[in-house]
Protein chains: 2
Amino acid sequence: MTPDKTNLGTNYVFRALADPTRRAIFEELARHGEQTVHALTGYAGVSQPAVSKHLTVLKRAKLVRHRREGRETHYRAQPDALTPMVDWLRHYGAFWRDRFDRLEVLLERMDP
Amino acid sequence: MTPDKTNLGTNYVFRALADPTRRAIFEELARHGEQTVHALTGYAGVSQPAVSKHLTVLKRAKLVRHRREGRETHYRAQPDALTPMVDWLRHYGAFWRDRFDRLEVLLERMDP
DNA sequence: ACAAACCATAACCATATGGTTATGGTTTCT
DNA sequence: AGAAACCATAACCATATGGTTATGGTTTGT
């Protein structure tokens with residue numbers, strides 16, 4: 001009846017990627033690899049604290065990991081955290097379901 | 001340098017699906033087909049005006065279409081509007097890119 | 001004709017969100 | 001040692017967001 005809204009992990013991923021600045025930060029990390037907060041601040045066009053807060057949200061969704069090195073913190077994308085979103089698309093995007101299903105089968109055949 | 005946040009279509013889709021109630025409504029429509037606002041209200045667990053507003057947001061993202069029939073409005077999912085999200089995943093989900101690319105190639109071969 | 005059902009919009013409210021500047025803690029550089 | 005760089009958190013602010021109740025316009029049922 002009333003829908004189940006208790007899937008926090010999935011919710012965190014969708015919410016994290018709903019903001020364009022956060023998406024841009026994730027894209028930058030996915031494309032150009034590990035970056036410091038300082039470097040990301042230069043890229044993102046907002047203040048350093050804003051970037052830090054965005055990174056916290058991405059961290060909560062496990063979309064980024066961080067590594068402290070001296071005074072700087074290096075962040076990198078963790079793209080496998082997108083799995084919940086991919087799964088959601090597979091289940092509810094009827095248009096894509098066939099393609100996904102066929103992908104599953106084909107990949108099974110290719111790597112045993 | 002500073003990221004491009006002007007891709008409104010993509011942004012609408014991500015924002016629309018960021019809310020769990022909205023996702024639930026879309027899921028319900030995708031699974032069980034066309035529904036009236038009244039039926040969706042019974043399902044969603046929030047008031048009828050709340051459902052109407054959610055449907056407006058989903059409409060803006062082109063994730064649903066509506067059809068007036070007398071005093072009731074029937075909504076149905078428009079899953080191909082998920083394309084921007086699928087494309088985004090293909091580009092920036094490095095973990096998934098290989099699989100998507102292979103899918104493209106394989107589908108090319110299968111239906112000419 | 002009247003009442004009821006269906007839906008959208010208005011008006012309103014509390015909280016979440018995304019941004020800022022200020023501050024303080026480490027770490028590095030001179 | 002002292003200054004500067006890097007980052008996270010605090011404090012604050014304006015707006016967006018998601019919900020509610022109230023209302024009004026159509027359409028349907030009696």
Side-chain angles (χ1 to χ4, degrees), chain A residues 1-8 10-29 34-61 63-76, chain B residues 1-8 10-29 34-61 63-76:
Chain A
M1 196 65 85
T2 73
D4 181 24
K5 295 183 227 174
T6 59
N7 193 341
L8 289 189
T10 301
N11 208 27
Y12 286 154
V13 174
F14 274 90
R15 291 199 85 81
L17 296 175
D19 181 79
T21 301
R22 232 137 44 207
R23 232 163 31 238
I25 290 175
F26 180 83
E27 291 168 13
E28 172 66 11
L29 291 174
E34 200 175 72
Q35 310 258 349
T36 67
V37 175
H38 184 64
L40 289 173
T41 298
Y43 171 77
V46 292
S47 67
Q48 174 266 311
V51 172
S52 277
K53 290 207 289 183
H54 282 309
L55 288 169
T56 299
V57 175
L58 290 169
K59 241 186 308 184
R60 189 182 56 176
L63 286 164
V64 298
R65 291 177 61 82
H66 66 285
R67 172 176 68 82
R68 296 275 328 267
E69 185 178 352
R71 65 180 161 179
E72 49 197 3
T73 310
H74 298 256
Y75 281 84
R76 60 191 182 82
Chain B
M1 194 64 90
T2 71
D4 180 24
K5 294 183 229 172
T6 58
N7 194 341
L8 290 188
T10 301
N11 208 28
Y12 287 154
V13 174
F14 273 90
R15 290 199 85 80
L17 296 175
D19 180 78
T21 301
R22 231 136 45 205
R23 241 173 10 251
I25 290 175
F26 180 84
E27 291 168 13
E28 172 66 9
L29 291 175
E34 200 175 72
Q35 311 257 349
T36 67
V37 175
H38 184 64
L40 288 173
T41 298
Y43 171 78
V46 292
S47 67
Q48 174 265 312
V51 172
S52 276
K53 289 207 290 183
H54 282 308
L55 287 169
T56 299
V57 175
L58 290 169
K59 240 186 309 183
R60 190 181 55 176
L63 285 163
V64 299
R65 291 178 60 83
H66 67 286
R67 173 176 69 84
R68 295 275 327 267
E69 185 177 352
R71 65 181 162 182
E72 49 197 2
T73 311
H74 299 258
Y75 281 84
R76 59 191 184 81

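Protein chains get the first letters and strands the later ones, always in sequence-line order, with residue 1 at the start of each.
Across all strands shown, D/dA3 pairs with C/dT28; the Watson-Crick or G-U wobble distances both stay below 3.5 Å. Nucleotide D/dT26: paired with C/dA5 (Watson-Crick or G-U wobble, both distances less than 3.5 Å).
Judged by distance alone, the side chain of B/R65 and the main-chain N or O of B/R76 form no donor-acceptor pair under 3.5 Å. The main-chain N or O of A/R15 is found under 3.5 Å from a side-chain atom of A/R22 such that the two form a donor-acceptor pair.
The residue among A/R68 and B/R15 whose nearest nucleotide of DNA chain D lies closer to the 5′ end is A/R68. Heavy-atom distances to DNA chain C give each of A/G70 and A/A50 a nearest nucleotide, and the one nearer the 5′ end belongs to A/A50. Summary of the strand contacts: A/V57 and A/E72 both lie near DNA chain C, and taking for each the nucleotide with the nearest heavy atom, the more 5' one is attributed to A/V57.
Using a 4.5 Å heavy-atom threshold, the side chains of A/L63 and A/L17 count as touching.
Pairs passing the salt bridge (Lys or Arg N to Asp or Glu O under 4.0 Å) check and including a residue from residues 34-61 of chain B, sequence neighbours excluded, read B/E34-B/R67.
Computed from coordinates, the B/Q48 CD to D/dT26 C1' distance equals 14 Å when rounded to whole Å.
Using a 4.0 Å heavy-atom distance criterion, B/T73 is classed as a sugar-phosphate-only contact. Residue contacts shown for B/S47 include a base, since a base heavy atom lies under 4.0 Å away.
For DNA chain C, the span of nucleotides reached by chain B at under 4.0 Å from its heavy atoms goes, 5' to 3', from C/dA5 to C/dT9.
For the side-chain contact (heavy atoms from CB on, under 4.5 Å) test with A/T41, the passing option among A/V46, A/I25, A/V51 is A/V51; the others fail.
Taking each heavy atom of A/T21 and A/D19 in turn, the nearest pair found is N-OD2, 3.0 Å.
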